[in-house]
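Let me begin by presenting the structure, written as structure tokens, before commenting on it.
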There are 4 protein chains.
Amino acid sequence: MRADARDNRARIMTAADEVFGQSPAASTDDVAKLAGVGIATVFRHFATKTELLEAVLTLRLERLRDRALQLAGSADPGAAFYEFFTQVVSESASKLAIAEALTASGVAAAGEEARAAGHGMREAFDGLLTAAQKAGAVRPDAHFPEVYALLIGSSRGATAARLDAETRDRMLALVYDGLKPPT
Amino acid sequence: MRADARDNRARIMTAADEVFGQSPAASTDDVAKLAGVGIATVFRHFATKTELLEAVLTLRLERLRDRALQLAGSADPGAAFYEFFTQVVSESASKLAIAEALTASGVAAAGEEARAAGHGMREAFDGLLTAAQKAGAVRPDAHFPEVYALLIGSSRGATAARLDAETRDRMLALVYDGLKPPT
Amino acid sequence: MRADARDNRARIMTAADEVFGQSPAASTDDVAKLAGVGIATVFRHFATKTELLEAVLTLRLERLRDRALQLAGSADPGAAFYEFFTQVVSESASKLAIAEALTASGVAAAGEEARAAGHGMREAFDGLLTAAQKAGAVRPDAHFPEVYALLIGSSRGATAARLDAETRDRMLALVYDGLKPPT
Amino acid sequence: MRADARDNRARIMTAADEVFGQSPAASTDDVAKLAGVGIATVFRHFATKTELLEAVLTLRLERLRDRALQLAGSADPGAAFYEFFTQVVSESASKLAIAEALTASGVAAAGEEARAAGHGMREAFDGLLTAAQKAGAVRPDAHFPEVYALLIGSSRGATAARLDAETRDRMLALVYDGLKPPT
DNA sequence: TATGAATGAGGATTCATTCAT
DNA sequence: TATGAATGAATCCTCATTCAT
């Protein structure tokens, strides 16, 4: 029974990620249908729709944090930083959810868990940033808040404007030029 | 009655700008209440909610275009470009509506009028960009699409993250560093 | 001024006849538009929508009465009776309003005027019937109520079923066969 | 819950039959109230108001067809035909819905199911007619379309004029005289 | 425990009718 | 007087959430 329940919970979260990622106004019923469970099952696992949304958000943020932590072990901190930045923005362009996750991560709202996940993700990104600065790949006078704002902005911009890959890359080239240390 | 009606229409649009600017999911009734009119009056002026949203959007875009055109006459094209960019981002931070307007302006959706207004606004911004490039204030190899994407991204980022003024300015400083011609 | 008002009143009634004849659920505004007047003008002439509907109904009934009275002077009472019957049914097939008018004419509802008009119309039809019976063209044991019911039924049936002309005529042939005196 | 749901569905249809039978313009809420369920329950069972109306219509038509089929087995085809005709008209006089069902059965509109039900009902009635003609109880030169038109008309007439039983019967006597074979 | 059913509050939209010019 | 604007009540329909099986 435990196994079944855990399975269902996972299926629901996957479905929610998919559904809300495409249209944030989707109904809980859509999630249930995609997950192949009854709607009551969704509400058994997540007491309110908000709770479900937060769970999805938390998952997203944890994945981003994990990726950042992975890259933190890289031999080339500069490359690691820019690769993470690029990956996040690229995926956001097709996955609305990521851009929204980034946004929510810093905002007061969100439940306890999501806030913690956001904190963890930002810390991991901060780690990438600091290492890149130490390695001379990012200007040392850039502070975390504005760099994180730039990450959010680039993601949201790419998402909102449905940029094609080329334009997105050229936009990022401009951003990176602003981030690199002056010669 | 013409006068009254025009008055009401203006009041409704102001209210809609305010209401939808804060929460795009707001109800038409909220708009009516803030405007101090009955809900049917809103629907008399705007046949559907979509039409109302488009009208607000159009107004926003036209205002931005006008500001861009004003600045286009400036003696210092570089200053004009950056001032416009800064103003847009600054206002977006407090007015969700502007960021969304910018987004929609480039997206296929939106009605005829809104699309036209978006086109006009982008053209005016393109004018500022070209002039600034000619004046040597913006690197010549930056094309309009990515610069516009940067404008949208910065706006959305500032809005979404609810940046304080200082952080926002530092973020813009990074962006502008990326835009300036290499020495 | 009187002339203008009378003119408007006539235009409104014509429009209402047309509009409600095609779709009884039509709005007062549709009537105003077709009449080429403002909606307030409609309500100045007819205090409520019901009043307007009754006026249209009354007009219809008066016209039918007039036609019956005209035919009453005919040299061949049998032909007169059947011609009237046929005309009413034929027109009903294309003018929903006539069938409804006939219905309402016998029903308790309707205002004073409409009731009076209905009474007048039924009397005129009764006159045609009696004369036709005296002339031996309609069986003498048929009383007015059932014959009138047959008129209403034929009209409504033709209207409701959107009968083509041929079927309608064959249906009427059956009805007339039932009405004719047994040989 | 299946049992409960089926129960509710039945209650809703009964209520709808009653409510719409008395006033086709009634609101869905009226149906819900009479059925003793919330309005959302009505919409759970019937996605749109139109669907509900069609379901009621279909039920009516199926009942009429069943009655016709029952009578088709009768030993006296003539009596069967006239009994069916009389029953339909009699009930229509008090149940608006039946007359409307008959009407709609032949009209292009209506959904798939209702159309099928209408077809079945007309076929069953056609069977009664043919048998009665073979038995010499109905004139052989009367075709189905006009006889069906007569059925509709008689029903609608009886309904619309709210005929008392006696007048209705005398009206039917006239109709039947037209239908009987000439001696 | 999982399910599908039930529910009421809320949202967009229409319409008869009343006001202000 | 004729007009177009304003209005709130009513209507259809959706959705998050709760119940009963």
Side-chain angles (χ1 to χ4, degrees), chain A residues 1-2 4-5 7-8 12 25-33 35-52, chain B residues 1-9 12 25-32 35-52, chain C residues 1-2 4-5 7-8 12 25-33 35-52, chain D residues 1-9 12 25-32 35-52:
Chain A
M1 282 291 144
R2 262 293 157 62
D4 259 37
D7 218 53
N8 269 345
I12 290 168
S27 79
T28 313
D29 218 64
D30 292 338
V31 175
K33 251 159 211 151
V37 302
I39 190 174
T41 304
V42 175
F43 277 91
R44 169 167 291 276
H45 284 285
F46 306 92
T48 66
K49 190 186 189 181
T50 302
E51 221 170 88
L52 171 57
Chain B
M1 269 295 146
R2 256 298 152 58
D4 256 39
R6 205 168 298 177
D7 224 54
N8 268 343
R9 191 187 162 90
I12 290 168
S27 80
T28 313
D29 214 58
D30 292 338
V31 174
V37 303
I39 191 174
T41 303
V42 176
F43 278 95
R44 158 167 278 272
H45 285 282
F46 305 93
T48 64
K49 190 187 189 179
T50 302
E51 221 170 89
L52 173 57
Chain C
M1 283 294 146
R2 262 290 159 60
D4 259 36
D7 218 54
N8 269 345
I12 290 168
S27 80
T28 313
D29 217 65
D30 292 337
V31 174
K33 250 158 211 153
V37 303
I39 192 176
T41 305
V42 175
F43 277 91
R44 169 166 293 276
H45 284 284
F46 306 92
T48 66
K49 190 185 189 179
T50 303
E51 222 169 87
L52 172 57
Chain D
M1 266 291 144
R2 256 298 153 58
D4 256 38
R6 205 169 295 179
D7 223 54
N8 267 343
R9 192 186 161 92
I12 290 168
S27 79
T28 312
D29 215 58
D30 291 339
V31 175
V37 302
I39 191 174
T41 303
V42 177
F43 278 97
R44 158 168 278 273
H45 285 282
F46 305 93
T48 65
K49 190 185 187 179
T50 302
E51 221 171 271
L52 172 56

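Every chain is numbered from 1, with letters handed out A, B, ... down the list of sequences. Side-chain atoms are counted along with the backbone in the values below, which use heavy atoms only and exclude waters and symmetry mates.
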OP1 or OP2 of [N] versus the side-chain N and O atoms of [X]: is any pair under 4.0 Å?
X: B:T41; N: F:dT7; answer: yes
X: D:H45; N: E:dA6; answer: yes
X: A:N8; N: E:dA2; answer: yes
X: A:T28; N: F:dC15; answer: no

Checklist entry - If you pin B:V37 and C:V37 to their nearest nucleotides in DNA chain F, which one's is more 5'? => result C:V37

Rounded to the nearest angstrom, tell me the gap between atom [atom1] in [X] and atom [atom2] in [N].
X: A:K33; N: F:dC15; atom1: NZ; atom2: C1'; value: 12 Å
X: C:F43; N: E:dA16; atom1: CZ; atom2: P; value: 6 Å
X: B:I39; N: E:dT13; atom1: CD1; atom2: P; value: 9 Å
X: C:I12; N: F:dA2; atom1: CD1; atom2: C1'; value: 10 Å
X: B:F46; N: E:dA12; atom1: CZ; atom2: C1'; value: 16 Å
X: A:L52; N: F:dA16; atom1: CG; atom2: P; value: 10 Å
X: D:D7; N: F:dA20; atom1: CG; atom2: P; value: 16 Å
X: C:D29; N: F:dT3; atom1: CG; atom2: P; value: 13 Å

Item to check | Given DNA chain E, 5'-ward residue of the pair C:A25 and A:V42, judged by closest heavy atom | outcome: A:V42

Checklist entry - Mapping C:R44 and C:K49 to their closest nucleotides on DNA chain E, which lands nearer the 5' end? => result C:K49

Checklist entry - Using purine N1 to pyrimidine N3 plus N6-O4 or O6-N4 for Watson-Crick, or N1-O2 and O6-N3 for G-U wobble, each under 3.5 Å, what pairs with F:dA9? => result E:dT14

Checklist entry - Mind checking who F:dA20 pairs with, Watson-Crick or G-U wobble, both distances under 3.5 Å? => result E:dT3

Enter the distance from [X]:[atom1] to [Y]:[atom2] here, rounded to the nearest 0.5 Å.
X: B:H45; Y: B:N8; atom1: NE2; atom2: CG; value: 5.0 Å
X: A:R44; Y: A:T41; atom1: CZ; atom2: OG1; value: 8.0 Å
X: B:S27; Y: B:D29; atom1: OG; atom2: CG; value: 5.0 Å

Next on the checklist: For A:T48 versus A:F43, what's the shortest heavy-atom pair and its separation?
Outcome noted: CA-CE2, 4.2 Å

Checklist entry - Should D:I12 and D:F46 count as side-chain neighbours, where that means a heavy-atom distance under 4.5 Å? => result yes

Item to check | Of the listed nucleotides F:dT17, E:dT3, E:dC15, the one nearest the side chain of A:A40 | outcome: E:dT3

Checklist entry - E:dA12, E:dA5, F:dT17: which one has an atom nearest the side-chain heavy atoms of A:T48? => result F:dT17

